[in-house]
Amino acid sequence: FVTYTLLIIITIVLTYSAKKMASNRIDCVLILSCITVLGLTIDICTGANLIKTSLLGYDPIIGARYYGIGNEFMGVFIGATLVFTTAMMDRFKISPMFSIIIFFIITFVMGYPRLGANVGGMITAVSTFIFASLRLFRIKIKLKHMVAIGVSIVCVVGVMGFIDMKLGGGQSHLAGAILNIANEGPNAIFRIIERKISMNVRLIGITIWSKVLISTMMILAILFYSPVGIISKLSKLYPNLSIGWSSIIFACFVTFFVNDSGVVAAATGIIFLGMSMLYLIFFMKGYCE
């Protein structure tokens with residue numbers, strides 16, 4: 001009772017404060033996503049004490065994550081980061097380099113063995129943030145860019161694995177996976193991917209997060225058709241934020257293949273796409289005043 005009461009009160013306070021601070025319709029989206037990114041970053045870097053007691057945090061009963069950042073908050077982290085950085089660019093007309101710096105910090109925090117220690121999250125972050133960075137510089141994604149993304153993932157995972165073996169004694173699942181791949185070759189990679197896909201297919205039928213994911217996708221599908229032209233108008237008003245939204249969709253596909261519970265991360269991440277889009281639609285001139 002106390003937890004839910006506090007959640008309601010905090011939500012009301014944050015919403016009211018954001019509305020009072022906002023001088024532009026995009027400010028509320030910007031403020032709340034900034035608070036989310038900043039709060040998670042500080043908490044992970046100081047021992048994840050808030051994550052441990054969060055409703056989306058550790059759960060010894062079902063064995064859900066007992067260190068670092070779990071897939072629930074991984075989706076939140078990536079979704080909020082993409083919305084925050086791209087909304088900042090639209091609001092203040094700043095350089096894409098701002099987003100790239102934030103992307104680098106978040107990737108490090110998420111993947112560093114002594115902080116976030118989420119390998120699937122790190123792979124999702126690297127691929128998604130590179131995808132977003134290319135689009136923010138208005139570079140058309142081609143096959144060579146996808147290859148570059150793959151090479152970057154291998155390099156970052158290799159560096160983090162090396163750090164883990166040197167500092168952590170090679171006890172994490174990242175170090176274990178690297179050793180298996182080194183010993184067994186590509187077959188180990190295919191087995192890992194197969195296991196993760198099968199787990200996600202199973203989770204779709206049993207987790208409530210699949211309902212969140214499907215519901216949000218249905219909302220987005222409806223918006224593409226009605227009101228007519230609403231997505232196109234949003235993209236013209238917020239060109240950088242629209243790149244952040246498309247990058248969240250890209251992240252959802254990636255996380256499905258590289259995380260045991262990727263459907264969960266996809267659901268928590270896509271919330272930032274769906275809710276920020278719906279919020280801004282409410283204030284679009286010609287549709288709602």
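By convention here, the first residue in the shown sequence is residue 1.
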(message) Tell me if a side-chain donor or acceptor on T207 pairs with a main-chain N or O of L203 at a distance below 3.5 Å.
(response) no

(request) Check whether any side-chain heavy atom of T124 lies under 4.5 Å from a side-chain heavy atom of M110, and answer yes or no. (result) no

(message) With a 3.5 Å distance limit and no angle check, can you tell me whether S276 reaches the backbone of L273 through a side-chain donor-acceptor pair?
(response) yes

(request) Indicate, with yes or no, if the rings of F108 and Y112 have centres closer together than 6.0 Å. (result) yes

(message) Side chains of F103 and T128, heavy atoms from C-beta outward: is any pair under 4.5 Å?
(response) no

(message) With a sphere of 6.0 Å drawn around CZ of R202, does it hold more than 12 non-hydrogen atoms of other residues, nucleotides or ligands?
(response) no

(request) Would you give the length of the straight line joining atom CG of L280 to atom CG of L237, rounded to the nearest 0.5 angstrom? (result) 9.0 Å

(message) Checking side-chain polar atoms at under 3.5 Å, does R135 have a donor or acceptor matched by the opposite partner on S246?
(response) yes

Acceptor/donor pairs from residues 263-271 side chains to any protein atom, 3.5 angstrom cut, sequence neighbours excluded:
{"unit_1": "T268", "atom_1": "OG1", "unit_2": "E72", "atom_2": "O", "d": "2.9"}
{"unit_1": "T268", "atom_1": "OG1", "unit_2": "V264", "atom_2": "O", "d": "3.3"}
{"unit_1": "T268", "atom_1": "OG1", "unit_2": "A265", "atom_2": "O", "d": "3.1"}

(message) Apply side chain to side chain contact (heavy atoms under 4.5 Å, CB included) to residues F84 and L38 and explain how you reach the verdict.
(response) CA-CA 10 Å; F84 165 58; L38 192 60; over 6 Å; no

(request) Verify the cluster assignment for F253 and M217: are they in a single hydrophobic cluster under the rule of side-chain heavy atoms below 4.5 Å apart? (result) yes

(message) For V212, is there any backbone N or O sitting under 3.5 Å from a side-chain donor or acceptor partner on S215?
(response) no

(message) So W245 and T86, do their side chains get closer than 4.5 Å, heavy atoms only?
(response) no

(message) I'd like to know whether I9 forms a side chain to side chain contact (heavy atoms under 4.5 Å, CB included) with Y4, so could you lay out the CA-CA distance, the side-chain angles of the two residues, the decisive distance to 0.1 Å, and finally the verdict.
(response) CA-CA 9 Å; I9 293 173; Y4 285 111; over 6 Å; no

(request) For the residue pair M74 and N259, establish whether any side-chain heavy-atom pair is separated by less than 4.5 Å. (result) yes

(message) If only side-chain N and O atoms count, and only distance matters, is there a donor-acceptor pair under 3.5 Å linking R91 with S23?
(response) yes

(request) Would you name the heavy atoms of S99 and M89 that are closest together and state the gap between them? (result) OG-SD, 3.2 Å

(message) Within the supplied structure, the quantity of interest is the number of heavy atoms (other residues, nucleotides, ligands) at a distance under 6.0 Å from I139 CD1; does it exceed 12?
(response) yes

(request) Say whether, by atom type as modelled, one donor and one acceptor occur between the side chain of T46 and the main chain of D43 under 3.5 angstrom. (result) yes

(message) Donor-acceptor pair, distance only, cut-off 3.5 Å: does the side chain of S54 make one with the backbone of L50?
(response) no

(request) Would you mind reporting whether I204 and F256 have side-chain heavy atoms less than 4.5 Å apart? (result) yes

(message) Could you check whether any side-chain N or O of H145 sits under 3.5 Å from a backbone N or O of L134, counting only pairs where one atom can act as donor and the other as acceptor?
(response) no

(request) Using the side chain to side chain contact (heavy atoms under 4.5 Å, CB included) rule, take W209 and L213 through it: C-alpha gap first, then chi angles, then the decisive distance, then the call. (result) CA-CA 6 Å; W209 288 110; L213 180 61; over 6 Å; no

(request) With the side chain counted from C-beta on, respond yes when L223 and L234 share a heavy-atom pair under 4.5 Å apart, and no when they do not. (result) no

(request) I would like to know whether T36 and F77 meet side chain to side chain contact (heavy atoms under 4.5 Å, CB included); could you show each step before the answer? (result) CA-CA 8 Å; T36 304; F77 211 7; over 6 Å; no

(request) Measure the spacing between CE of M146 and OG of S127 and express it to the nearest 0.5 Å. (result) 8.0 Å

(message) Quick check for you: to the nearest 0.5 Å, what is the distance between F224 atom CZ and I219 atom CD1?
(response) 13.0 Å

(request) Report the distance from atom CD1 of I44 to atom CD1 of I51, rounding to the nearest 0.5 Å. (result) 4.5 Å

(message) Testing the basics here: between A132 and I243, what is the closest heavy-atom pair and its distance to 0.1 Å?
(response) O-CG2, 4.0 Å

(message) Test of understanding: clusters of I, L, V, M, F, W, Y form through side-chain heavy atoms closer than 4.5 Å, transitively. Do F104 and M97 belong to the same one?
(response) no

(request) Establish whether I106 and I101 are linked, either directly or via other cluster members, by ILVMFWY side-chain heavy-atom contacts under 4.5 Å. (result) yes

(request) With rounding to the nearest 0.5 Å, note down the distance linking CG in D90 to OG in S242. (result) 7.5 Å

(request) Check for a donor-acceptor pair, side chain of N71 on one end and backbone N or O of G262 on the other, with a separation under 3.5 Å. (result) no

(request) Starting from I12, walk the hydrophobic network (Ile, Leu, Val, Met, Phe, Trp, Tyr; side-chain heavy atoms closer than 4.5 Å) and list everyone else you reach, by chain and number. (result) I8

(request) Identify the heavy atoms of G111 and M122 that sit nearest to each other, and give their distance. (result) CA-SD, 3.6 Å

(request) Provide the closest heavy-atom pair for T107 versus V126 in the form atom of the first, atom of the second, distance. (result) CG2-CG2, 3.6 Å

(request) Find out whether I31 and C28 are in side-chain contact, i.e. whether some heavy atom of one side chain is under 4.5 Å from a heavy atom of the other. (result) no

(message) According to a hydrophobic-cluster definition based on side-chain heavy atoms being under 4.5 Å apart (Ile, Leu, Val, Met, Phe, Trp, Tyr only), do I230 and I222 belong together?
(response) no

(message) By the salt bridge (Lys or Arg N to Asp or Glu O under 4.0 Å) test, which pairs, at least two apart or in different chains, include something from residues 211-226?
(response) none

(message) Tell me the closest heavy-atom pair linking I149 and F131, and the distance in Å.
(response) CD1-N, 4.3 Å

(message) Once rounded to the nearest 0.5 Å, what's the spacing between atom CZ of F257 and atom OG1 of T255?
(response) 11.0 Å

(message) Please give me the minimum heavy-atom distance between F272 and A80, naming the atom from each residue.
(response) CE2-CB, 3.6 Å

(request) Kindly check if the number of other-residue, nucleotide or ligand heavy atoms within 6.0 Å of OH (Y225) is above 12? (result) no

(request) Answer whether the closest heavy-atom distance between the side chains of I248 and I78 falls below 4.5 Å. (result) no

(message) If hydrophobic clusters are built by linking Ile, Leu, Val, Met, Phe, Trp and Tyr wherever their side-chain heavy atoms come under 4.5 Å apart, do I130 and L143 end up in the same one?
(response) no

